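Chain A is the first sequence line, chain B the second, and so forth, proteins listed ahead of strands; every chain is numbered from 1. Here the structure is a predicted model, which is why all the values come from computation and not from measurement.
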Amino acid sequence: MPVLDDLAVAAGDDDVVGGVPARLVAAPASTEEAAALVAASAGLAVVIRGGGTKVQQGPPPRELDLIIDTRRLTGVVEHAAGDLITVVRAGTPMSELHALPAQQLALDAPPGATAGGTVAANAGGPRRLRYGTARDLLIGITVIRPDGLVTRAGGKVVKNVAGYDLGKLYTGSFGTLGLITECVFRLHPEPAATSFVRAYAAPGHAARILAAQVAPSALEVYAAPGADPEVAVLLEGTAAGVRERAATVAALLGGDVTAEPPPWWGVPPPGDLTLQLTGVLSQVPALVATAVGAGATVTGSAGAGVLHAGFDTGSGSAAGSGSAAGSGSAGSGPAARSGSAGCGDPHGRVELIRAAALRAGGHAVVRTAPPGLRDTLDMWGPVPGLALMRRVKERFDPAHRFAPGRFVGGI
Amino acid sequence: MDIDAFAARLRAEIGADRVLTDRQQLRTYECDGLAHYKVIPAVVVLARSEEHVVATVRACAREEIPFVARGSGTGLSGGALPHADGVLIVTSQLREVVELRPEDERAVVQPGVINLNVTKAATPYGYYYAPDPSSQQICSIGGNVAENSGGAHCLKYGFTTNHVTGLRVVTPDGEVVQLGGLAPDTPGYDLLGAFVGSEGTLGIATEVTVRLTRLPETVRTLLAAFASTDQAGAATSAIIAAGVVPAAIEMMDALSIEAAEAAVHCDYPAGAGAVLIVELDGPAAEVAAQFDEVTRICDDAGAFATRVAADDAERQLIWRGRKSAFAAVGRISPDYIVQDGVIPRTALPEVLRRIGEVADQHGVRVANVFHAGDGNLHPLVLFDDAVPGEAERAEKVSGAILDLCIEHGGSITGEHGVGVDKARYMPRMFSDTDLETMHLVRCAFDPDNLANPGKVFPTPRLCGERPGRRQGAFEHEGAEVF
Ligand SMILES: Cc1cc2nc3c(=O)[nH]c(=O)nc-3n(C[C@H](O)[C@H](O)[C@H](O)COP(=O)(O)OP(=O)(O)OC[C@H]3O[C@@H](n4cnc5c(N)ncnc54)[C@H](O)[C@@H]3O)c2cc1C
């Protein structure tokens, strides 16, 4: 396997995924090279690594031989400003795409995240309320299938219904269906003006913003045991329009107009166990209350119904403020009752929060957990359509060599 | 089992009045909106419930009889064209709005619900269903899901796929699965995203959860008349370049204006080589500022007349011309082909010019009426079937237009789908591996190729052996065989 010999080097100390060390690491520099690599690696268990911001999420791989690193697959191939699209290689840092001339890829991403990783994780942040997530902004994609063949779906135009929309399938597939080497994104104009409104207000106040005619780009909540809950709103548009809308929002929430977001904006909540919670909009306040009652800090979009909860399990080095503050808060509001019940056993807390998410018509997915705990936790909860998902995986990767065991149902 | 025995058994199961085999009755369903393809199905099932769909699909699976879903039958690519030896499963009588949840910005509807009826149900609460195909008074949500339908306002709001969060689907083996749900980001593969736009080849949707959108505070509509499509195209690009995202930018050329004028007297400025309809919506404070900018851009691009709708009646009048255009063209030409292709917006002037050249070469007329904002062309190729050779020439021009779209990095369809009509063009846009990859998904859902066979894919493909380890990964922990 000369390609493998040429491209792969022995793995180093950091080349570990969820505690499982790799034998080899390879960083192809083009789609062609990547395809040759994937073909040559037949029989090896592979995990793909982008910026590495999420590679430690999820369960460890059942096996791991080769890490394919996309850090050399970088660069903006094309930015067609008049068409508001860009073609980029998968390893391109998202930060580059946030600052294209007068335009942006309107996908929030943590520092260090790559375009391909953002798609593979279907990541999104506060602005998903207005712009959606990777699934909504990806219009074309190039993928190396587990058998080494190069395949494309979608194209370079925003409107396109030719054939199956496979971009959606790859988005959020966490590297289990193939290696993404190139993405085409829809862009948005950089807004002329932006403004934030911050208020100390309960999550229930978010409904007022949705009912008002202010077209928020983001509507975020923050709640933590023992802290006053907050609501923050992002407004984008023309200078005059933003001024007027921000004033309306400030009045509705009893808050202040600011130029900067609050420090918790778009930041995953602290804690060594984090979950993503979803639910219908009217149930967001109840969901937040349950999670806070279970000792979790909660941030996220009350406009989209997607929240992030985090707490310390006390099982690792990160133990400290979180759970202590959690039990300390048991004194106010409806959260308090479940709070005392939830704190303590992390399994029980996850169960409690998950039950609330399911009641709210959504899901609770564990994103990060300390290694010992991770192996005994149900990371996803119920997954509708799992049997069909297994059939899809079987077709794309019959040998189960791409990120084996890292996805729902052990896929 | 012969088809009569099959029908008899199905009648016993779901009711005699649900199953049609009378040739006269079957004939009603021989085509969809693309009427020059006609096939009489062996059986038509008029489903009233999900159970009817399940029973029918199970029966088909058992006997390996192909089935085709049909909503309102307005599709323009022959997607709902029946199979001669198969069952046509009509979902248009499943037309209940199951749940309206404005506080959650969701509605749960059956697939036969007419698109516009979702908006009608939600409007009293201050919400609407954003995707607005021109056929919205007649097409069904199930058909919209299958085609990933778009509409004039998709420029700002996105397509069906951005507005469907959940589906109940009867898969081709007769199982009912839930894909997605009320909330976003369901764990696992986004099979919902793969199903939307799959044109009935992955199963039949029996319940659809859609996103409801807040009605905008303000809507303002501008009609701008230009001497040429070049100027109108330049204005479109300038609007986008200025960072404005209108709800819609629609263009009509001289021939389609002439047709619309004759049909509905929409009173567009005389002598226009092209008109643009630009609509802005949102908070009043934003719309006011942007509207002035758009008006100025149109003036700068050479608009010789602009008209602002003063009220809803005037807005309707402006839109009437655009919305009637397809039908209106029927009055100036005995026959026409509705083409649907996409190009990058910046290529508009060049491609429109080339379309004109191709049309001239072949001696046919082409009327252009389209979604300029997202580069989705709808050239109407006019011909008279009674004149020998004209249909063939029109067909040539229509095909050449798709080649132009591909040449400019666009797509062979922006909203009408591939169906039977464009399956043969798929290899011009996708490699064999690309098509084979799509087929992997098809095989995961429908290994026996029973759901709407002959659509989307240019050549019949077999799924081959079902991959070995059917139980999935769990059972094989630690036993990977490399
Ligand atoms: C005058 C006119 C204007 C139009 N304008 C537009 C436009 O602006 N934008 C646009 O996108 N389209 C437009 N169309 C095309 C058409 O209306 C859309 O494709 C529409 O979504 C089809 O819906 P239908 O219910 O008529 O589906 P049908 O024509 O009955 O079926 C279409 C496809 O959907 C499948 N299908 C139907 N129901 C189901 C189900 N429950 N589950 C799974 N598959 C199903 C069928 O098998 C078929 O492949 C227009 C058509 C006409 C006639």
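Rounded to the nearest 0.5 angstrom, B:Arg106 CZ and B:Thr165 OG1 are separated by 4.0 Å. In this structure, A:Phe402 CZ and A:Ser41 OG are separated by 6.0 Å, a value rounded to the nearest 0.5 Å. A:Asp397 contributes atom CG, which lies 10.5 Å from atom CD1 of A:Ile411 (distance to the nearest 0.5 angstrom). A distance of 15.5 Å separates NZ of B:Lys455 from NZ of B:Lys422, quoted to the nearest 0.5 Å. The distance from atom OG of A:Ser217 to atom NE2 of A:His188, rounded to the nearest 0.5 Å, is 9.5 Å. Rounding to the nearest 0.5 Å gives a distance of 9.5 Å between CG of B:Asp421 and CG of B:Leu76.
Using a 3.5 Å distance cut-off with no hydrogens or angles, the side chains of B:Asn144 and B:Thr160 do not pair a donor with an acceptor. No side-chain N or O of A:Tyr170 forms a donor-acceptor pair with one of A:Asn122 less than 3.5 Å apart. In this model, no donor atom of one side chain and acceptor atom of the other lie less than 3.5 Å apart for B:Tyr127 and B:Glu103. A:Arg145 and B:Thr437 share a donor-acceptor pair across their side chains, judged by distance under 3.5 Å alone. In this model, a donor atom of one side chain and an acceptor atom of the other lie less than 3.5 Å apart for B:Asp434 and B:Ser431. Side chains of B:Asn376 and B:Asp340: a donor on one and an acceptor on the other come within 3.5 Å.
A salt bridge is absent between B:Glu105 and B:Arg214: the closest approach of a Lys/Arg side-chain nitrogen to an acidic carboxylate oxygen does not fall below 4.0 angstrom. The pair A:Asp65-A:Arg401 does not count as a salt bridge, with every side-chain nitrogen at least 4.0 angstrom from each carboxylate oxygen.
Proximity to chain A (any heavy atom under 4.5 Å) is restricted, for B:Met426, to the side chain, taken from C-beta onward. The parts of A:Thr176 that come within reach of chain B are both its backbone and its side chain, each placing non-hydrogen atoms under 4.5 angstrom from that chain. Contact of A:Leu388 with chain B is made through backbone and side chain together, with heavy-atom distances under 4.5 Å. At a 4.5 Å heavy-atom cutoff, the contact between B:Val245 and chain A is made by side-chain atoms alone. Within the 4.5 angstrom heavy-atom criterion, atoms from both the backbone and the side chain of B:Glu436 approach chain A. At a 4.5 Å heavy-atom cutoff, the contact between B:Asp173 and chain A is made by side-chain atoms alone. For B:Leu435, no part lies under 4.5 angstrom from a heavy atom of chain A. Both the backbone and the side chain of A:Val392 come within contact range of chain B, each with at least one heavy atom under 4.5 Å from a heavy atom of that chain. Of the atoms belonging to B:Ala241, not a single heavy atom falls under 4.5 Å from chain A. The parts of B:Arg442 that come within reach of chain A are both its backbone and its side chain, each placing non-hydrogen atoms under 4.5 angstrom from that chain. Proximity to chain B (any heavy atom under 4.5 Å) is restricted, for A:Phe407, to the side chain, taken from C-beta onward. Heavy atoms closer than 4.5 Å to chain A are found nowhere in B:Ser149, neither backbone nor side chain. Heavy atoms closer than 4.5 Å to chain B are found in the backbone of A:Ala212, but not in its side chain. Heavy atoms of A:Pro382 lying under 4.5 Å from chain B belong exclusively to its backbone. Using a 4.5 Å cut-off between heavy atoms, B:His416 contacts chain A through its backbone alone, with no side-chain atom that close. Of the atoms belonging to B:Thr161, heavy atoms from both backbone and side chain fall under 4.5 Å from chain A. Only the side chain of A:Gln276 comes within contact range of chain B, judged by heavy atoms closer than 4.5 Å. Looking at B:Thr346, both its backbone and its side chain come within 4.5 Å of chain A, counting heavy atoms on both sides.
Among all heavy-atom pairs drawn from A:Ala35 and A:Gly148, the shortest one is CB-O, 3.6 Å. Looking at every heavy atom in both residues, B:Met438 comes nearest to B:Phe457 through CB-CE2, 3.7 Å. Shown here for B:Glu199 and B:Ser77, the closest heavy-atom pair between the two residues is OE1-OG, 4.4 Å.
Not counting sequence neighbours, the partners of A:Val158 by the side-chain contact (heavy atoms from CB on, under 4.5 Å) test are A:Ile85, A:Ile139, A:Arg186, B:Phe159. Not a single side-chain contact (heavy atoms from CB on, under 4.5 Å) links A:Ala211 to another residue, sequence neighbours left out.
Residues of residues 182-191 of chain B lying under 4.5 angstrom from chain A, judged on non-hydrogen atoms, are B:Leu182, B:Ala183, B:Pro184, B:Asp185, B:Thr186, B:Pro187, B:Gly188, B:Tyr189, B:Asp190, B:Leu191 by number. Annotation: residues 239-247 of chain A contacts chain B through A:Gly241, A:Val242, A:Glu244, A:Arg245 [non-hydrogen atoms, separation under 4.5 Å].
The candidate with the highest count of non-hydrogen atom pairs below 4.5 Å against chain B, out of A:Ala162, A:Gly385, A:Gly172, is A:Ala162. The residue among A:Leu281, A:Val161, A:Leu84 with the most heavy atom pairs within less than 4.5 Å of chain B is A:Val161. Most heavy-atom pairs under 4.5 Å with chain A, from the set B:Gly375, B:Cys154, B:Ser198: that is B:Ser198. Options B:Pro102, B:Pro216, B:Ala284, B:Gly166 differ in how many heavy-atom pairs under 4.5 Å they form with chain A, and the most are formed by B:Pro216. For the set A:Val150, A:Thr133, A:Leu177, the entry with the most heavy-atom pairs within less than 4.5 Å of chain B is A:Leu177. Note on A:Thr151, A:Val408, A:Leu386: by heavy-atom pairs under 4.5 Å with chain B, the leading option is A:Thr151. Ranking A:Leu166, A:Val214, A:Thr171, A:Thr248 against chain B, the residue ahead of the rest is A:Leu166, based on heavy-atom pairs under 4.5 Å. Contacts with chain B were tallied for A:Lys168, A:Lys159, A:Lys393; A:Lys159 has the most, counting heavy-atom pairs under 4.5 Å. The residue among B:Thr201, B:Ile412, B:Val177 with the most heavy atom pairs within less than 4.5 Å of chain A is B:Thr201.
Under the 4.5 Å side-chain criterion, counting only non-hydrogen atoms from C-beta, B:Leu377 is in contact with B:Ile343.
Checked against the 6.0 Å centroid criterion, the rings of B:Phe445 and A:Tyr164 do not qualify as a close aromatic pair.
In this structure, A:Thr86 contributes its side chain and A:Glu78 its backbone to a donor-acceptor pair below 3.5 Å.
Heavy-atom neighbours of B:Lys156 NZ from other residues, nucleotides or ligands within 6.0 Å: above the threshold of 12.
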